[in-house]
Each structure stands twice: as C-alpha cells, then as structure tokens.
Amino acid sequence: MIEFKVETRDDGIGVVTPQGRLNMVAARRLKEVLGGLVGDGTSRIVVDMAETTFLDSSGLGALIGGLKSARQAGGDLRVARPTESVLNVFRLTNLDRVLRPRDSVESAFDE
Amino acid sequence: MIEFKVETRDDGIGVVTPQGRLNMVAARRLKEVLGGLVGDGTSRIVVDMAETTFLDSSGLGALIGGLKSARQAGGDLRVARPTESVLNVFRLTNLDRVLRPRDSVESAFDE
Amino acid sequence: MSDQDPREPDAGPAADIASMEGRLELSAPADPETMELVHALLESLWVAHPDVLDVDRFRFETAVIEILANIVEHAYQLEPVDGERSPRRFEIGVAANADCLVATLGDNGLPMALDLSDVAMPEDDLAESGRGLALAVAALDDLHYERVGGRNQWTLLCRRAASA
Amino acid sequence: MSDQDPREPDAGPAADIASMEGRLELSAPADPETMELVHALLESLWVAHPDVLDVDRFRFETAVIEILANIVEHAYQLEPVDGERSPRRFEIGVAANADCLVATLGDNGLPMALDLSDVAMPEDDLAESGRGLALAVAALDDLHYERVGGRNQWTLLCRRAASA
Ligand SMILES: Nc1ncnc2c1ncn2[C@@H]1O[C@H](COP(=O)(O)OP(=O)(O)O)[C@@H](O)[C@H]1O
Ligand SMILES: Nc1ncnc2c1ncn2[C@@H]1O[C@H](COP(=O)(O)OP(=O)(O)O)[C@@H](O)[C@H]1O
C-alpha cells in the first residue's frame, strides 16, 4: 500500500511524498491530494519521488493532471529525486522532458 | 521478510527483537541468533515480541530451543510484549506457562 | 478436528471453494520462500473482507501456514534430493463468506501417514517440534485430509465469530 | 511489439510457461485491490531468481501491471455494474529462466478491439491517459494477444539483459 506525506513549506510550496507503489489504486488518491492542494491555493508543488518504488501509466496520468491544474492556477508541478524504477518509466514514455526530474526537493523551483 | 534487532545491555542481558513474521524461514535465523548469543556468553535473553506480527510452530521451536540452551548455560530466556497474534499461538499451544509473557523488556528479569 | 469421515468423499467445504466468489488461488513451488507469498495472499483476502475479525484472521492464518509448512517439510522427505530444483508444487485456494473462512491445499507429495484424530500437543513442554498439526487443529473448526488421485488434499474451515 | 502474426496460433511463450519450473500462477478477482498481490507475486519471483537485473525487473513489472490494469479497467466496461461483486476473474502466470522473463494473463472479459501494431504514445504530451499499452509494448521484447475460447490471452516476454 501507499502513503502520501503532504506538507506546505514556509515559502508556500507544497511537497508531496508518495511512499510506496504509485499504481492504479494509488493514482486516484494522488489525484485527490494534488487537486486538494491546488484547490486550497497551493499551486507550486514538488512531488518528491525518492520513496516511490513503482510508477505506472495511471500514476503518470495523476502527475500530468496535477501539472496541468497547477499551471492553470498560475503555478507548476515539479518532480524531484525519482528512483531508478520511476526514471525508467519517464524514459519509456518520453515524459522526462515534460516531467524533468530535479535533483533535490529544496531547489526544485530555483529555475 | 523479517529482521532481527540484537543488542546486549549494560547489565549483560541480551535483547532480541524479531521485526516481522516469525515463520519457517525466519525460525532458522532466530535459532542462529539465540545460539550465537548463548555461545558468546550471553545466557540471559529477552525476546521482545512487540514487532512480531506472526508466529508459527517452527518459531515456537526456535524460542524453546533458545530457552533450553540459555538455561543450560545458567541463564534463562524470557519473552516480552507479545502481539495479540503471538499471544494467540502461545495460548493455543499451552505454552503461555513455559513462555510466560512479560509486560516490559526492562523488567523481564526482575523476578 | 474433522467431523467428517475421511474415507468417504463428501460435498463439504472442499467442493464449495471453487464456487466461492472472490476466492484467491495460487500454484507455486513448495519452497519455504513461497511462504511470504501465501501471507500476501491472506493479506489480500483481508483487504477484500475488511469485516473479518482479528481473532478469526489469526487462527486462519496460523492454520494455513502450519499446513503449508508441513507440506514443504514433510510431504517430499523421501524423494531424492539433488542439486537442481525438482518440480515440487502445491496449490492453495482461500475464500471467505459471511459465515466462514475456507482454505484448500493440495500437493503432489507422499501420502500423509498420520491419523488426524490422534494429533495432540507433545507431552514434553520443552519439545522443539511436533506442534504444527496440533496447532492447526486447535485453530480450526474443521481440518480434513484426503488422498485423491495421487495428491494430498487438505481442507481447512474456520467458522467466523459473530462480530460484536 | 509482436513479431508473431497475432491471427495465427503459435507455440511461442504462451505454450512454454506451463512447463517452466518455478512458475507462479494466480487466479483472482479482476479488482484494482488485487494489484498489490500481483506485485507480491513478482517479488516472490525475484526472491527465487536473485540474478535477474534491476533493469529487467523494472520493465517486466511495468508491463505486467499495465496489462493487468487494462484488464481491470477495460475488459469489463460494457457489462452491467450492480451493487454485488460479479465474478470477474483473471489468471496470471509468471516465470523466469536463464534467458527470459515470461508472463501470461487471461481473463473472461470482452475481446480487445485494438490492433497492437497501431499502439503508440499519445501525440499530446499532456494527455492524462492512453499510455498503458504503449508503455507495455516499449518495456517488452514481445507482447502477444489472442482471443481463445471466449477468453483474452496475453503473453509477455522480456529477454534478459546479459549480466555485467
Ligand atoms: N504433510 C505431511 N506429510 C507427511 N507427514 C506429515 C505431514 N505433516 C505432518 N506429518 C507428520 O506428522 C508429524 C508431526 O507434524 P507436526 O505436528 O507438523 O510437527 P513437526 O512438523 O514440528 O514435526 C511430523 O513429524 C510428520 O511425521
Ligand atoms: N484489455 C482491454 N480490453 C479492451 N480494450 C482495451 C484493453 N486494453 C486497452 N484497451 C483499449 O485501448 C485503449 C488504450 O489503452 P491504454 O493504452 O491502456 O490507455 P488507457 O487505459 O490509459 O486509456 C483504451 O482506452 C481502450 O479503449
């Protein structure tokens, strides 16, 4: 099963950490978490994927859905620290350009 | 899978904490851990079962084997803080007298 | 303990599980390592049946794992052991309904020599083995063994406690 | 991408898995919740085959979960949905040998309408769905679909990377 750690930093950036496998069941919950953040006015979001052991196309869909609604609200969604398994899926789907992985959570919004 | 945390306290008592399921595969490893402690001169041992989520008859056998060798070496083995699942197995096998569970690791050797 | 005559084929739980909705069935090598997968199978059953009480989960899981451990340990003991893994396999099915938890285990090993009605905890409290079958019997409402077509067939039944 | 003609029955991997030693086979309801159990099935396969490289584990697990997700999501979409759970089931088998990783998935749902050779990633980078089959195809060396006796049969093949 998966857990989501969610925190809002002092600079207003929301950090979501999916801990476990981001598959079909988990994707629905990630969608809710991301939608909730944007709805509450947090439109700059970092998804820390250092503890995401698996990602499938529905998890990807939830990330892209979050990216779109964050951008619509004037912000952005960035992914940081993907595991090898997650990076592999980014590459196979050619989404490593759209979801360009950042090296750290702290600096994910630096440029 | 299971992990065993092993520490020797200042008073010379060894504390073994099986974390996970104590089944057939794990029982072999527990036997080795307990045998190693007694062999190294630690004959008073507390098995902290607060994180043991499952116990079967081979795990029971490893506990009793450890108990016997600890006693032969002039010490004893005591179990502390069993989970409901472990307690259930102690009761079904009538071993709650032989392996009388103690409420705390610290006071397991107090009487 | 079985209240069915083990010499007489019956239409008891063994016949039922194949028609129980939501049943989970696994076929795998009879290796100690497969045990973790059977724990996962039971976890999946509990996710599908969140209303099963802990007390019933504990006794069912205990009995399933004990019977499987016996299969892994005893059912093949007279076969020649070589370096290669030989095709020793077992099948397990688990299911739940409002009244009971049912498991069937089958394997292609040697027949069991024991009479289940003689099974008891060892006399010696400090015995290090010999509790497996007695523990399964104590945990279950019914344990049934049959030798069918060169296979061992176990059927395990827990009647569920009425929830509080 | 399949290099076999999908209209022609063949004696490829689909025929092989039933004879592969150490294979793990599961039959379960086609529910999203069963997905965790399939992850556990693969973990058990890796425990039995510690020499399989991460790169091969990743792509095999990706493909297996995508095909299963499609079964759960699409194969039953036109059936009436009622409050009760209807008996929607799937079967999965996974196995490894020195050369490859093989999985077969079968279900009793509706036939798939797609031609696998047309499958591609969506044009729109920001599409939120439609990547599942393309991802499975990209991860595998061979993906084969057949409709056999009213059932959907998928066969997945990863050729293992030569270890370093
Ligand atoms: N599946 C089986 N096939 C053959 N013999 C068995 C089987 N299960 C149990 N036995 C026999 O019953 C005895 C008692 O088994 P059990 O109660 O599980 O204790 P243990 O496995 O610790 O010896 C075993 O020693 C074995 O001789
Ligand atoms: N098992 C299946 N049965 C029927 N149709 C399917 C099946 N798998 C996929 N499809 C069809 O192929 C399309 C693409 O599927 P897929 O690549 O997995 O993307 P997604 O599931 O995100 O839509 C689906 O929208 C569906 O129409």
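Just so we're on the same page: letters track the sequence lines, and every chain starts at 1.
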>> How long is the straight-line distance from CZ of D:R88 back to CG of D:N108, given to the nearest 0.5 Å?
In response: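 So the gap between those two atoms works out to 9.5 Å.
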> Hey, what do you get for CZ (A:R44) to CZ (A:R71), rounding to the nearest 0.5 Å?
Replying inline: 14.0 Å
>> Apply side chain to side chain contact (heavy atoms under 4.5 Å, CB included) to residues D:V102 and D:V94 and explain how you reach the verdict.
In response: CA-CA 6 Å; D:V102 186; D:V94 295; over 6 Å; no
Answer with side chain, backbone, both or neither: which region of [X] has an atom nearer than 4.5 Å to a non-hydrogen atom of chain D?
| X | answer |
| --- | --- |
| A:L67 | side chain |
| A:N88 | side chain |
| A:R91 | neither |
| A:L95 | side chain |
| A:L99 | neither |

> If contact means a heavy atom pair closer than 4.5 Å, which residues of residues 76-85 of chain A contact chain D?
Replying inline: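 A:E84, A:S85 fall under the 4.5 Å cut-off.
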Side-chain heavy-atom pair [X], [Y] within 4.5 angstrom cut-off:
| X | Y | result |
| --- | --- | --- |
| D:I71 | D:W154 | yes |
| A:L55 | A:L60 | yes |
| D:L26 | D:L37 | yes |
| D:I67 | D:L156 | yes |

>> Whether the A:R102 and A:S107 side chains hold a donor-acceptor pair (N or O, under 3.5 Å, no angle test) is what I'd like checked.
In response: no
> If we ignore angles and hydrogens, is there a donor and acceptor under 3.5 Å between the side chains of D:E66 and A:S57?
Replying inline: yes
Between [X] and chain A, which part of the residue has a heavy atom less than 4.5 Å away: side chain, backbone, both or neither?
| X | value |
| --- | --- |
| D:A127 | backbone |
| D:T62 | both |
| D:A139 | both |

> Among D:H39, D:E33, D:R57, who wins on heavy-atom pairs under 4.5 Å with chain A?
Replying inline: D:H39
>> Against the six-membered ring of A:F4, is A:R29 placed for a cation-pi contact (under 6.0 Å from the centre, within 45° of the normal)?
In response: no
> Can you tell which of A:K68, A:M24, A:R21 has the highest number of heavy-atom pairs within less than 4.5 Å of chain D?
Replying inline: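 The option with the most such pairs is A:R21.
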> Hey, is D:R23 close enough to D:E21 for a salt bridge, meaning N to O under 4.0 Å?
Replying inline: no
